[in-house]
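Below is one structure, written out as structure tokens, with a few remarks after it.
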Amino acid sequence: MRIFARHIITRTFYISFFVFLCIVLLDFIFSLLGELEDRDSYNSLKDILLFSLYLTPSNSIKYLESACLLGALISLALFHRERALTIMQFSKLAPWKIISLSSIGPLILCFLFLSANELFFYDLQNVAKQKELKLLESNTSKKWFKSGNSFIQFSSNSRTEIQNIKVITFDSLNKINSYQIGNKVTIKDNQVSIDDKSLVEIYLKDKSIEPQKSFNLSQTKKLSRSDIEKMSMREIVRELNTSAIETDSSKQKVLLKNSLIQKIFIPLTIFSLILLMGTIFFRTGRDLPLGNFILIGFIASFCYQLVEDLILNFAITFNFSLLLFALIPLIFLWSLASLIYSRI
């Protein structure tokens, strides 16, 4: 029986890993194509390629659940064809134990990549953010960015210089405190410093107060939902504890907590989905095409993520406990799996 157990764990791990790599490769290709569509004359192909490559590892975490479920289902389908599942049942091994063994390989893969995301992918993502800032700096379109109490607008035609910078600073009463317009300004380490010589127009409400002349580009963008989903758990915890998040941005804090809970529950979600979907192999005596199990895996994973998002969004909307509502779909999966296994 130990030989069977070792064989199940090894096969499910390698197949899940292969499926995961295939999904990540497809995601990288589509991400690269999307970046190339937005490419302008100042963004080189090398920069776009490196940006997509560095960002791929952290993006890949969102495919862990689907890949692990698909890997387990494909492995169990191959065991079913080889009659290995029947042999294990004749050895008085309960179906739920067989499926639990099949989940060990995908869970090992899950923990490996979650750990790598916290230890290694974090640094790669920081490199990707630096490259994103370079792509942002080379964008010729004019947009307003917020940095502290100031709003900044500029255009750029190189990686180290920006042109036509406009800075509007507000006071505590949301009234204009200063207004500055400058020509060429040098960018260094994501820091924009306005030199007095570059100023062509300046307005100060209070002449005794020196206007702000230094801004950090890395702080000009607010965290969007997609940005939060790409963050590692330690990044989320740091953002929740940092003073950079304003007190009135409660929605952003809730989204950060939501993302943190979903990442913590990834291993439980994988185990629950495999435990439930594994019942297919004990309720049908005939061999189904391998493509059917791939389709079933995709549909099951998609439906679960859809239901999970709906439940958590409901909790966010009505200010309920995120942790409690995150357990609801898991409890449903465990209850349904227990009912089915009791009838096999």
Side-chain angles (χ1 to χ4, degrees), residues 24 27 31 51 54-66 68 110-133 136 143-151 190 215-270 272 301-302 304-331:
V24 171
D27 176 69
S31 175
F51 168 70
Y54 285 130
L55 201 59
T56 295
S58 57
N59 283 345
S60 65
I61 301 301
K62 62 185 177 182
Y63 302 116
L64 265 177
E65 294 175 2
S66 302
C68 290
C110 171
F111 283 115
L112 283 175
F113 273 90
L114 285 178
S115 301
N117 188 46
E118 300 300 318
L119 299 175
F120 308 113
F121 298 168
Y122 172 80
D123 297 325
L124 292 176
Q125 191 177 27
N126 284 337
V127 176
K129 287 179 180 178
Q130 296 300 320
K131 294 198 173 292
E132 184 180 23
L133 285 172
L136 173 65
K143 296 180 181 179
W144 286 100
F145 299 99
K146 188 176 185 296
S147 178
N149 294 326
S150 302
F151 286 88
N190 304 323
F215 306 92
N216 194 340
L217 283 179
S218 62
Q219 297 176 353
T220 57
K221 291 181 66 180
K222 279 191 174 181
L223 291 172
S224 64
R225 185 183 288 264
S226 60
D227 293 329
I228 293 173
E229 289 175 353
K230 296 173 186 176
M231 295 169 66
S232 64
M233 285 186 279
R234 67 169 173 168
E235 272 187 300
I236 295 174
V237 172
R238 186 185 64 191
E239 286 291 337
L240 287 171
N241 294 331
T242 186
S243 58
I245 299 181
E246 300 172 2
T247 55
D248 60 344
S249 60
S250 57
K251 183 179 179 181
Q252 183 166 299
K253 288 184 179 180
V254 171
L255 291 176
L256 285 166
K257 291 178 182 179
N258 179 35
S259 181
L260 179 63
I261 290 172
Q262 285 184 315
K263 283 180 169 60
I264 292 173
F265 280 9
I266 286 177
L268 275 176
T269 301
I270 291 171
S272 303
S301 178
F302 173 77
Y304 179 84
Q305 290 178 1
L306 182 63
V307 171
E308 184 185 42
D309 288 339
L310 286 173
I311 290 175
L312 290 175
N313 285 331
F314 178 83
I316 292 172
T317 302
F318 294 96
N319 200 24
F320 292 134
S321 171
L322 288 174
L323 183 61
L324 180 62
F325 272 71
L327 287 171
I328 291 176
L330 291 174
I331 293 173

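Count residues from 1 along the sequence. Owing to the predicted nature of the structure, the values given are computational and were not obtained by experimental measurement.
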With no hydrogens and no angle check, is any side-chain donor or acceptor of Ser115 less than 3.5 Å from a backbone partner on Phe111? yes
With rounding to the nearest 0.5 angstrom, report the CG to OG1 distance, Leu64 to Thr269. 11.0 Å
Give a yes or no answer on whether the side chain of Glu65 reaches the backbone of Ser301 with a donor-acceptor pair at less than 3.5 Å. no
Phe113: which residues meet the ring-ring contact (aromatic ring centres under 6.0 Å, His included) condition with it, sequence neighbours left out? Phe20
Let me check something: any side-chain donor-acceptor pairs from residues 307-318 under 3.5 Å, sequence neighbours excluded? List them with distances.
{"from": "Asp309", "atom 1": "OD1", "to": "Gln262", "atom 2": "NE2", "distance (Å)": "3.2"}
{"from": "Asn313", "atom 1": "ND2", "to": "Asp309", "atom 2": "O", "distance (Å)": "3.0"}
{"from": "Thr317", "atom 1": "OG1", "to": "Asn313", "atom 2": "O", "distance (Å)": "2.7"}

Is any side-chain heavy atom of Leu114 closer than 4.5 Å to one of Lys263? no
Rounded to the nearest 0.5 Å, how far apart are CG of Leu260 and CG of Leu256? 8.5 Å
Do the side chains of Cys110 and Ile266 get nearer than 4.5 Å, heavy atoms only? yes
Are the side chain of Ser31 and the backbone of Asp27 linked by a donor-acceptor contact shorter than 3.5 Å? no
With a sphere of 6.0 Å drawn around NZ of Lys62, does it hold more than 12 non-hydrogen atoms of other residues, nucleotides or ligands? yes
Considering only heavy atoms from C-beta outward, does the side chain of Ser58 approach that of Asn117 to under 4.5 Å? yes
